[in-house]
**Q** 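Pasting a structure below so you can have a look.
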Protein chains: 2
Amino acid sequence: MRTPVTIRNVATEAGVSISTVSKALNGTGHIGAKTREHVIAVANRLGFRPNDLAQSLHRGRSFSVGILSNDIYGRFTLPIVGGIEEALSDNRVSVFLCNAADDLERQKRHLDALLAKRIDGLILTARRTDYLAPLDIAALGIPVVHAYAQSAAPGAICILPDDEGGAYDATRHLIALGRKRIAHVGGPQSFEATRLRQAGYRAALKEAGLAPPPDSELFGAWSEEWGRDAARRLIDGKAGLPDAIVCGSDQIARGMADGLREGGIDMPGQTALVSFDNWDVIAAATRPALTTVDPNLKELGAQAGLTLLSLIEGKDVKPGIRRVPSKLIIRRSCGSPDRS
Amino acid sequence: MRTPVTIRNVATEAGVSISTVSKALNGTGHIGAKTREHVIAVANRLGFRPNDLAQSLHRGRSFSVGILSNDIYGRFTLPIVGGIEEALSDNRVSVFLCNAADDLERQKRHLDALLAKRIDGLILTARRTDYLAPLDIAALGIPVVHAYAQSAAPGAICILPDDEGGAYDATRHLIALGRKRIAHVGGPQSFEATRLRQAGYRAALKEAGLAPPPDSELFGAWSEEWGRDAARRLIDGKAGLPDAIVCGSDQIARGMADGLREGGIDMPGQTALVSFDNWDVIAAATRPALTTVDPNLKELGAQAGLTLLSLIEGKDVKPGIRRVPSKLIIRRSCGSPDRS
DNA sequence: GACGCTACGGAAAAGCTTTTCCTAAGTCAA
DNA sequence: TTGACTTAGGAAAAGCTTTTCCGTAGCGTC
C-alpha cells in the first residue's frame with residue numbers, strides 16, 4: 001500500500017510553498033503563469049490527488065451522502081438506488097449504501113457512522129410506499145429525502161410513484177381500445193399501492209361512464225398463484241368473462257395469463273390484460289407479453305437525489321409528497337399494435 | 001442545518017482543554033476519574049460525535065471502501081452488494097456504491113472520487129463471471145478484490161460462484177434419485193458459466209458411469225423462450241424423452257417446464273428438472289417449483305468484503321480465484337420430497 | 001530619488017481530532 | 001526538609017488542505 005502524494009511532496013519537488021501549490025492548482029490568489037505551469041506539471045507528474053478528507057474538513061461539506069435502505073434485497077431497490085447514484089455522481093457526490101434491514105439497532109449504527117462521516121444529506125428508501133420511516137429526521141441536523149417511503153415527520157419530503165395515475169392511464173388505454181367490461185385484480189388491500197391503483201382504475205371507468213362489472217374487483221397476494229386463482233374465478237363467475245383486466249402487478253398478471261390460456265381464453269382477443277411494474281423478467285416472458293405500467297423507479301431515484309442536492313445547496317424545496325409520473329409500456333397483452 | 005458539536009465545544013463547556021476531552025473519551029493518557037466522568041457527561045449532553053474525517057486524517061485510515069459495479073441494475077448485484085455491505089458494516093466500515101455502467105469515463109471519475117476520499121480498499125463487481133475488469137489495479141495503491149468478476153492483473157483476488165460444483169451436485173442429486181437419461185439445456189456457450197455448468201453435469205454423469213444421451217446437450221439464450229424451444233426439441237427428438245434435465249438457469253427451466261407441461265409431459269414423474277440461480281420470483285412460481293442451485297451470492301459478497309478487510313489490515317491473502325460453494329435448494333421439480 | 005500601487009509568493013492560521021512532551025502538584029521515604 | 005517518583009492536565013505539534021495577511025520587489029509617475 002502506497003502512501004498517497006501530499007501537497008507537501010509537490011511543494012518540495014516544485015520548490016515552492018504549500019500555499020503556492022494550493023493556489024496554483026486551484027487558480028486562486030496571485031501566482032505567476034510560469035510558476036503555475038511548473039507546479040501543475042510537477043503535481044501531474046507525481047500523480048497528486050488532493051486529500052478530499054482534508055478538503056472536506058476545511059470547506060465544511062463532504063460531497064458524500066447516505067442511502068439508508070430498509071430493503072436492500074427488494075427488487076424495487078435496484079432502479080431507485082441506481083437512479084440516486086447516477087444523479088448524485090453526475091454532480092460530484094459519492095453515495096454510501098447502508099442496509100437497515102428492518103432492524104432499529106442496525107439503523108442506529110449506520111446513522112452514527114454516517115453522521116460521524118459528516119455526510120451532506122440522507123435518502124431513506126423502503127420496500128413499500130406506505131412504509132413510515134421510524135426516524136426523527138429533525139434530530140439529524142442534515143437534509144433528508146424519502147424515496148419510495150413516507151414519513152410522519154412534519155416538513156418531510158417524500159418521492160413516490162404515481163400508482164393512481166398509472167392505473168388511470170392503463171384503464172383509459174383499455175377503454176380507448178374499446179374495452180367495456182373491465183375487471184380489477186389487485187394485491188393485498190393492506191398495501192396503499194393496491195388501494196391507489198384501484199382508485200385510478202375506478203376514476204377512469206367513472207370518467208368514461210362505465211362501472212366495474214359485478215364481482216370483478218378482486219384482491220389477493222402479490223403472486224402468480226393468486227393470478228391463476230383469480231382467472232378461474234372470472235372464468236367461472238356469473239357476470240361473464242370481462243373483456244379486459246387491470247392486474248395489480250406483473251406477477252398477478254402472469255398468473256392471470258397462464259390461467260386464462262389454460263382455461264381456453266384467447267388473449268388479447270377475448271380478454272386484454274394490463275398490469276403494473278414493468279418487471280422485465282416477468283412482463284416480457286409472459287404470454288402474451290404484458291402491457292404494463294412502469295413506475296419509473298429510476299427516475300424516482302434521480303429526483304430524490306437531485307432534491308437532496310437542492311436541500312444541501314440551501315435551495316428552497318417544498319415539503320410533502322411528490323409523485324413521479326409512470327409510463328405505460330405497450331406490449332401485446334392489451335391488444336393494441338406492439339410498440340415495444 | 002445545524003453545525004455539529006466539536007471537541008472544542010465540549011472542552012469549553014467542561015472547562016478543560018481539548019486534549020483532555022480527547023483523552024477522557026478515548027481512555028488514553030492520564031485523566032482522573034472525576035474529570036473523565038465529567039467530560040463524558042458533558043459530551044453526551046451536547047451530543048458530541050467526533051468528526052470521522054478529522055480522525056481519518058490523523059489515523060491514516062478512513063474506514064470506508066468502494067464498490068465499483070459494472071452492472072448496478074443486474075439481478076446478481078443485489079445479493080452480492082448486500083453481502084458485502086453487511087460484512088463490512090458489521091466491521092465498522094462504510095461502503096460507497098458506484099455504478100461504472102460499462103463506461104470507462106464514468107469508471108475513471110468514480111475511481112478519482114474514491115481515491116480522493118482515501119478509501120481503504122475497493123471491490124469490483126460485474127454482470128458475468130467471465131468479465132475481465134479493465135483496470136490497472138496495481139496503480140491504485142490500495143487493496144482490491146473482485147467479486148463475480150475476474151482480472152488479468154497478476155496477484156488479483158477473485159471471488160466467484162462454483163458453477164461447476166453446483167451443476168455436479170445437481171446432477172448427482174438426479175442420479176441419486178434414479179434418473180438415468182439426463183439432458184443438459186444451457187445458456188449461451190459464450191458464457192464461461194454455461195461451460196462450467198456443462199462440465200459439472202458431465203463430471204457427475206461420468207462418475208456414475210453414465211453418458212449424456214444423444215442430442216441432449218443444447219445451448220441457447222438465457223430465456224424462457226429458449227426453454228420452451230428446447231422442450232419441443234427434446235419431446236420431438238429421436239433419442240426419446242430424457243427422464244431428467246439440467247437447465248442452465250431458472251428462466252430456461254421455467255420455459256422448459258411450461259413447454260413440457262403443454263406437451264403433455266408429467267413433471268417430475270416422467271421428467272425431472274433442476275436448474276441454476278434460485279431466482280425466487282421464477283423458481284418458486286414455476287410449476288412444479290424448481291429444484292435449483294443457489295450460487296450463494298450473498299455469501300460471495302460477504303467473503304469479498306471480509307477478504308478486502310484482511311487485505312486492509314495487512315493480513316496475508318493468497319491471490320487467485322476462490323469459488324464459493326453453492327447450495328442445492330430442493331423444491332418439487334426434481335421429484336424428491338419437498339424439503340423447502 | 002521618493003512615493004504609491006500591484007503582483008507575487010511565503011508564513012501563519014484555520015478546519016477537527018489525537019498524541020507527545022512538559023510542568024506542576026502531590027505523595028512517600030529517607 | 002529534601003529528593004524521587006507518579007499522576008494529572010495543558011500546550012504544542014501533527015495529519016492535509018485552503019485562505020488570509022504580510023512583506024518584498026518591480027514598475028510607473030511625479
Side-chain angles (χ1 to χ4, degrees), chain A residues 1-40 42-43 46-64 112-113 115-120 141, chain B residues 1-40 42-43 46-64 112-113 115-120 141:
Chain A
M1 216 165 347
R2 255 192 344 257
T3 304
V5 177
T6 68
I7 199 166
R8 285 179 199 176
N9 302 132
V10 179
T12 301
E13 184 75 25
V16 297
S17 73
I18 56 176
S19 73
T20 300
V21 176
S22 184
K23 290 170 195 169
L25 294 183
N26 292 303
T28 56
H30 294 285
I31 306 289
K34 272 188 55 181
T35 304
R36 186 162 175 269
E37 284 157 20
H38 172 59
V39 169
I40 289 174
V42 169
L46 293 187
F48 174 62
R49 187 178 271 116
N51 184 327
D52 208 79
L53 304 178
Q55 292 186 327
S56 298
L57 205 48
H58 186 271
R59 75 191 159 203
R61 182 173 165 189
S62 67
F63 282 95
S64 62
D112 283 343
L115 292 171
K117 283 180 160 62
R118 300 300 194 262
I119 51 168
D120 297 328
Chain B
M1 214 168 341
R2 256 192 344 258
T3 305
V5 177
T6 68
I7 200 167
R8 286 180 200 175
N9 302 132
V10 178
T12 301
E13 183 76 24
V16 296
S17 73
I18 56 175
S19 72
T20 300
V21 175
S22 186
K23 289 170 198 170
L25 295 183
N26 292 303
T28 56
H30 294 285
I31 305 291
K34 272 188 58 183
T35 302
R36 184 161 177 270
E37 283 157 23
H38 172 58
V39 168
I40 289 173
V42 169
L46 295 185
F48 175 63
R49 186 180 270 115
N51 186 327
D52 208 77
L53 305 178
Q55 290 186 327
S56 297
L57 205 50
H58 187 272
R59 75 191 160 204
R61 182 172 164 187
S62 66
F63 283 96
S64 62
D112 283 344
L115 291 172
K117 284 181 160 62
R118 300 299 192 263
I119 52 169
D120 297 329

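So you know, we letter chains A, B, ... as the sequences are listed, proteins then strands, and number each from 1.
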**Q** At less than 4.0 Å, is any side-chain N or O atom of Q55(B) found next to OP1 or OP2 of dT18(C)? Yes or no.
**A** yes
**Q** Which comes earlier along DNA chain D counting from the 5' end, the contact point of N51(A) or that of S17(B), where each point is its nearest nucleotide?
**A**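 It is S17(B), whose closest nucleotide lies nearer the 5' terminus.
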**Q** As a test of reading the structure: which of dG10(D), dG9(C), dC16(D) is closest to the side chain of T20(A), going by heavy atoms?
**A**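 In terms of side-chain proximity for T20(A), the closest of dG10(D), dG9(C), dC16(D) is dG9(C).
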**Q** Identify which nucleotide among dA14(C), dT17(C), dC16(D) has an atom closest to any side-chain atom of T6(B), counting heavy atoms from C-beta outward.
**A** dT17(C)
**Q** Are N9(A) and T6(A) linked by a side-chain donor-acceptor pair shorter than 3.5 Å?
**A** yes
**Q** Please confirm whether the shortest side-chain N or O distance from R8(B) to OP1 or OP2 of dT17(C) is below 4.0 Å.
**A**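 So the side-chain polar atoms of R8(B) never come under 4.0 Å of the phosphate oxygens OP1 or OP2 of dT17(C).
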**Q** Which nucleotide, dC8(C), dG10(D), dG9(D), lies nearest any side-chain atom of T35(B)?
**A**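 That would be dG9(D).
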**Q** If we ignore hydrogens and angles and just use 3.5 Å, is the side chain of K23(A) paired with the main-chain N or O of R36(A) as donor and acceptor?
**A** no
**Q** Kindly say if N26(A) contacts the phosphate of dT18(D), meaning a side-chain N or O under 4.0 Å from OP1 or OP2.
**A** yes
**Q** Between S56(B) and D52(B), is there a donor-acceptor pair closer than 3.5 Å when you use the side chain of the first and the backbone of the second?
**A** yes
**Q** What nucleotide among dT19(D), dT19(C), dT18(D) has an atom nearest to a side-chain atom of I18(A)?
**A**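 Nearest to the side chain of I18(A) among the choices is dT18(D).
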**Q** Picking from dC16(D), dG15(D), dA12(D), which would you name as closest to the side chain of S19(B)?
**A**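 The nucleotide sitting nearest to the side chain is dA12(D).
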